[in-house]
Amino acid sequence: KVDDEAFVTLTTNDPYGYGALVLGQSLRDVGTTRQLVVMVTKEVSQPMRRQLSLIYDVIQQVDPFDSQDAAHLAMLTRPELGITFTKVHCWTLKQYKKCVFIDADCLVLQNVDDLFERDEFSAAPDVGWPDIFNSGVFVFCPSEETYQGILQCAVTQGSFDGGDQGLLNTYFSNWSTLDIKYHLPFIYNMTSAVSYSYRPALERFGQGIKIVHFIGTAKPWLYTYYPNTNCLSPPEGCGNGHDLKYVKKWWDIFLANIRPNIE
Ligand code: UDP
Ligand code: MN
């Protein structure tokens, strides 16, 4: 067992906690040999922490950060994302040499331990603007110096989208041109709502998908599951939902491994 490398995620509340539970279980299911760490803020309830402790090796309490940047977040129509600044605490996990951060709204389908062969800062392109990276999956090395640098960047330059993605893309602004080795293949961060618009590629490469990322407002835990018919319906007013095949996989893990412990 490798002790100085870890997968890291974040939840600042109980709903995202369900995401973290399924993500953690999905990493266990593919047989990872790395530590699992979940960062939580004080808003996460005791019962949720107990559930998380059944799957994660370490529950790390951190202080919430907020970008306080209502204008940019409104432009993105996601006022809740300021809290995602809390993510940068991951650079303070100094007990680890190298980590892979994964958003709580991701699901791992195949073993991704090979990501630890990559260096900081590696990430996959964002489908909305491919010259920047999507901050849902990235390889990083905890470091006080980098942490302070990102905080400094937050204060002096802020975030161009009000969330962690704008901030991290400002700090690691040479990501797209530095070296192709820092570009993770799309199968490590398949942003499912959008790829939906490119069916043929999904047909061609879908078998290789390792991590599905449920970006946007239609999070898997917000879908309604009908046990009698085994059907799922997306939350109302969420625009385009995700490929139901992957939402179903999320729910399969939730129903088989998570919910039995809750009831
Ligand atoms: N997050 C959280 N609480 C929130 C919003 C976000 O803990 O209220 C964390 C969580 O790990 C989430 C990540 O920040 O996966 C990024 O937010 P989100 O996934 O909602 O953004 P998107 O991927 O849709 O752009
Ligand atoms: Mn996400």
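What you are looking at is a predicted structure, and each value in this text was computed from that prediction instead of being measured. When a ligand or atom number is given, it counts from 1 through the structure's own listing order.
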>> Among A104, G19, P15, which one puts a heavy atom closest to atom 15 (O) of ligand 1?
In response: A104
>> Between F7 and F101, is the ring pair (Phe, Tyr, Trp, His ring centres under 6.0 Å) condition met? List the steps.
In response: CA-CA 6 Å; F7 287 102; F101 184 91; over 10 Å; no
>> Can a donor-acceptor pair be found, under 3.5 Å and without considering hydrogens, that links the side chain of Q110 to the backbone of I209?
In response: yes
> Between W91 and F140, does a ring pair (Phe, Tyr, Trp, His ring centres under 6.0 Å) hold up when you go through it step by step?
Replying inline: CA-CA 8 Å; W91 269 274; F140 71 100; 5.0 Å; yes
>> Under 4.0 Å, heavy-atom basis, I'd like to know which part of D103 is in contact with ligand 1: side chain, backbone, both or neither.
In response: both
>> Strictly under 2.8 Å, is the Mn ion (ligand 2) approached by any N, O or S atom of H213?
In response: yes
> Can you tell me if Q25 and D29 form a side-chain donor-acceptor pair at under 3.5 Å?
Replying inline: yes
> Between D103 and K87, is the closest basic N to carboxylate O distance under 4.0 Å?
Replying inline: yes
>> Name the residue from K210, R34, R118, K98 that meets the salt bridge (Lys or Arg N to Asp or Glu O under 4.0 Å) definition with D113.
In response: R34
> Does K219 reach ligand 1, in the sense of a heavy atom lying below 4.0 Å from it?
Replying inline: yes
> Would one find an N or O of D164, backbone or side chain, under 3.5 Å from an N or O of ligand 1?
Replying inline: no
> What do you reckon, does G136 put a non-hydrogen atom under 4.0 Å from ligand 1?
Replying inline: no
>> Considering T191, N13, V8 one by one, which has a heavy atom nearer to atom 8 (O) of ligand 1 than any of the others?
In response: N13
> Taking atom types as modelled, is there a side-chain donor on S143 or E145 under 3.5 Å from an acceptor on the other?
Replying inline: no
> Is there any N or O on T9 that sits under 3.5 Å from an N or O of ligand 1?
Replying inline: no
> Does any N/O atom on G216 come nearer than 3.5 Å to any N/O atom on ligand 1?
Replying inline: yes
>> Using the rule that Ile, Leu, Val, Met, Phe, Trp and Tyr join whenever any side-chain heavy atoms are under 4.5 Å apart, tell me whether Y56 and V58 fall into a single cluster.
In response: no
>> Does only the side chain of H213 get under 4.0 Å from ligand 1, or the backbone, or both, or neither? Count heavy atoms.
In response: side chain
> Mind checking whether D105 has an N or O less than 3.5 Å away from an N or O of ligand 1?
Replying inline: yes
